[in-house]
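To start, the structure itself, in C-alpha cells.
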Amino acid sequence: MKESEAGNFLHSQCFARIERITKRREFERVFKIGVRKKIGTLTLIYSPSDTRRIGIILDRHIKGAVVRNKLKRRLRDIYRKNKSCFKGECIIIAYKGTEVMDYNVLRDAVLKLLTKQGV
RNA sequence: UAAGUAAGCGGGGUGAUUGCUGCGCACAUAGUUUGGCUUACAAGUCUCACAUUAUAUGUGAUUAAGCAAAUUAUAUGCGUGGAGGAAAGUCCGGGCACCACAGGGCAGAGUACCUUGUAAAGCAAGGGAGUCGCGAGACUAUAGACAGUGCAACAGAAAAUAUACAGCCGAUGGUAUGGUGCAUUAAUUAUGUACCAAAAUCAGGCGAUGGUGAAAUAGUGAGGUAAGAGCUCACUAUCUCAAUUAGCAAUAGUUGGGAUUGGUCAACCUUACUCGGUGCAAGACUAAACAGAAGGGAUGAAGUUGCCCGCUUCGUUUGACCUUCAGGUAAGUCGCUUAGAGGAAUAAUCACUGUCCCCGAUUUAUCGGGGGUACAGAACUCGGCUUAUAAGCUUACUUAAGCC
RNA sequence: GGGGCUGUGGUGCAGUUGGGAGCACAUUUGACUGGCAGUCAAAAGGUCACGGGUUCGAAUCCCGUCAGCUCCA
C-alpha cells in the first residue's frame, strides 16, 4: 500500500476519493485541532497527519450550482497539479468574491497561503 | 424599404496535456466465507452430509498451514458510456410506495362557454362570446346579482324595499281673501249659505327638472295631463321566454310575447363538477447493539437414602453458554435507471478556428488589432405550465410609403 | 425533497369590510444659549419588491415572478 501510494505521489496527478475529507466528523476534528490562516477571501485550516487529505468548503453566499461546481473543480485541479506543496489534512474555505478570480490568480493565492502556513 | 404580429430552428467546432465517474474484461494484492480437499492436533452431546444399509454403524465438523471455489475492496491496463431546452421554479397532473383497499357525511381546497384529444390535468387543438388594436393578432378566474347577507370614500337632493328636500301642479277636498246673490237683523255693519275670480296655502298629485358622480331607474319623437310619468304609441338599445333555421354543442340569425326594480360575486355566498392522506428522506429486505418470550443446557436450595446419576419443585441469564421466535437502532443492500447515488462525477488549462460587434487601412472584398459568444448543472420517473436565455437564421402574415 | 412567513421614507415599524400613504428615530433649516447638549417650530425624503389583471378607484383583492428569512427531514 505504501509503495503504491508513493508511486502515485511521484508520477500521478490523480485525485481519488480517499484523498478527500467527506464526513462531517472529520471536518469537525480538523476544525478543532487545526490552525487557521486567512488571506483575502481564502482561509486554510491545517492539521498535521500521516495521510494527505483535503476538504473544500464554499461560502453559502456563493450562489448557483454552476458557479459553485466550477470553483470546486478549479480548487481541486490546483491541488492535483501542486500535490507536493500539500501535507497533512487541509481544509480550504472560499468566501464570497473568490468565484470571480481567474485560474492563475486563484492558484497563486492558494500557493501563497500554503507558504504562509509553512506547510 | 420601414414598422410590426405569430410560430419555429439554434444552443459553436477541432486538437494537445492532465484528470473524475458507471459498467465489462484481464491481471495483482489484501480480507471474508465455504460442515470443500490434503497434512498435523483434538474428539462429549445435538444436528447435518456421505458410504454399507429398514433401525444401527463408520467417517467428517475443532484449531493451524497449504490448495480450490465464491465474494468484497483496492491498484494497474484495455474497451465502452457519461448533463438540458429549459435539467431551474415546484404551479398542476400521472406512474410507483405505504397508511384501515380508499365507502358515506361534514369541513376544506380547486375548477367554472362548447366539442375533441390524452393515463389525467387548471394542459393542448378547434369553435363561440367579450375587451383592446387601423390591421395581422393579443388578452380573458368567460356559471348565478327576481336565494340571502353586505359594500359604495368625496361630491350630490338622493347611492338603494326609492323618497325626505328644492321644485312643478292647483284637476279633487279644505282654509283664509275679494266680489255678487239670498236669508236673519233697525243697519252700508255682523252672522250663515251659494256662486265666481285671480294669486296663495294645507291635504294631495308628480317623479319630468337638480352645476354631482365611475354609476342616477333606458334614449329620441309624438300623444296624453291640472302638472306629469313606458302612462300609451313608433323607432332604437339591453335582458329574457317560445317557435323556427344553421350547428354535435356553446351560440348566431329571423318572428312573436314579456321585462327594463341598477353596480359589485378576482365581497361573503349559491349552483354544478372534481379531490382520501403522505411522499423515494415513500417504502422493502439483511441486521451488530438493546429490551422481550419459549426451549435446552448449566448451577444453587429443598425432597426422594449418606454419595453419584436421574426425577420433582423453586430461584437465577447484572454468575457464564447455545438454539428458536417475533421487534428493531447504528450500518448496509434494494427501490435506482445502458448519466447516476459518494457531499454528489460528466471536467481543468492551453492552442487554433467558426460566428457577431467596434476601430483602422485600402484593391470593396480582404487584411490587422481589440472585445463578446448566453441562461444555466441531473438526484425515483413521465406529461404539461411558468420563468431565464448571447449572436444568428427560417416560415407565414399585417400596416404605411414608393415603383411596375 | 416538501411546507410557511415577509417585502411600505435612510433605519425600525403601523396601516383590512378597497377611497387620507402614516408613526418613531435619524437628516436639513430656524428659534431659545456666549457655545454645546437639550427643548420647541417647520421642511425634505415613497415607482408601497417587480409585472399583469379585476374594479370608477388597489399598499390592500386575484395571478405570475424576484429577493430574504424560517420550519420538517
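Chain letters run A, B, ... following the sequence lines, proteins first, then strands; residues in each count from 1. Values below: all heavy atoms of this structure, side chains included; hydrogens, waters and symmetry mates excluded.
B:rU131 and B:rA138 make up a base pair, with Watson-Crick or G-U wobble contacts both under 3.5 Å. In this structure, B:rG77 forms a base pair with B:rC25, meeting either the Watson-Crick or the G-U wobble geometry with both donor-acceptor distances under 3.5 Å. Summarising the base pairing, C:rA41 is matched to C:rU29 through a Watson-Crick or G-U wobble pair whose two defining distances lie under 3.5 Å. The partner of C:rU65 is C:rA49, by the rule that a Watson-Crick or G-U pair needs both atom distances under 3.5 Å. Pairing for B:rA301 is with B:rU313, a Watson-Crick or G-U wobble pair whose two hydrogen-bonding atom distances lie under 3.5 Å. Nucleotide B:rC9 is matched to B:rG392 when pairs are restricted to Watson-Crick or G-U wobble geometry with both distances under 3.5 angstrom. Base pairing analysis places C:rG18 opposite nothing; no Watson-Crick or G-U wobble pair with both distances below 3.5 Å involves it.
Across the protein-nucleic acid pair, A:K70 atom NZ and B:rU346 atom P stand 12 Å apart, rounded to whole Å. One can place CG of A:L71 at 12 Å from P of B:rA348, the figure rounded to the nearest angstrom. Taking atom NZ of residue A:K72 and atom C1' of nucleotide B:rA345, one finds them 11 Å apart after rounding to whole Å.
C:rG64 and B:rA141 are spaced 13 Å apart, taking the C1' atom of each and rounding to whole Å. Spacing between C:rA58 and B:rU260 at atom P, rounded to whole Å, works out to 35 Å.
In textbook terms, a nucleotide whose glycosidic angle is within 90° of 0 is syn, while B:rG297, being further out, is anti. Its glycosidic angle being more than 90° from 0, B:rG300 falls on the anti side.
Contacts of A:K70 classified as side-chain contact (heavy atoms from CB on, under 4.5 Å), with partners at least two apart in sequence or in another chain: A:R73, A:R74.
Cluster membership for A:I92 and A:V35, using ILVMFWY side-chain heavy atoms within less than 4.5 angstrom, is not shared.
At a threshold of 4.5 Å between non-hydrogen side-chain atoms, the residues A:L44 and A:L114 count as touching.
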Enumerate all atom pairs, one protein N or O and one N or O from nucleotides 374-378 of chain B, separated by less than 3.5 Å.
from    : atom 1 : to    : atom 2 : distance (Å)
B:rG377 : OP2    : A:A65 : N      : 3.4

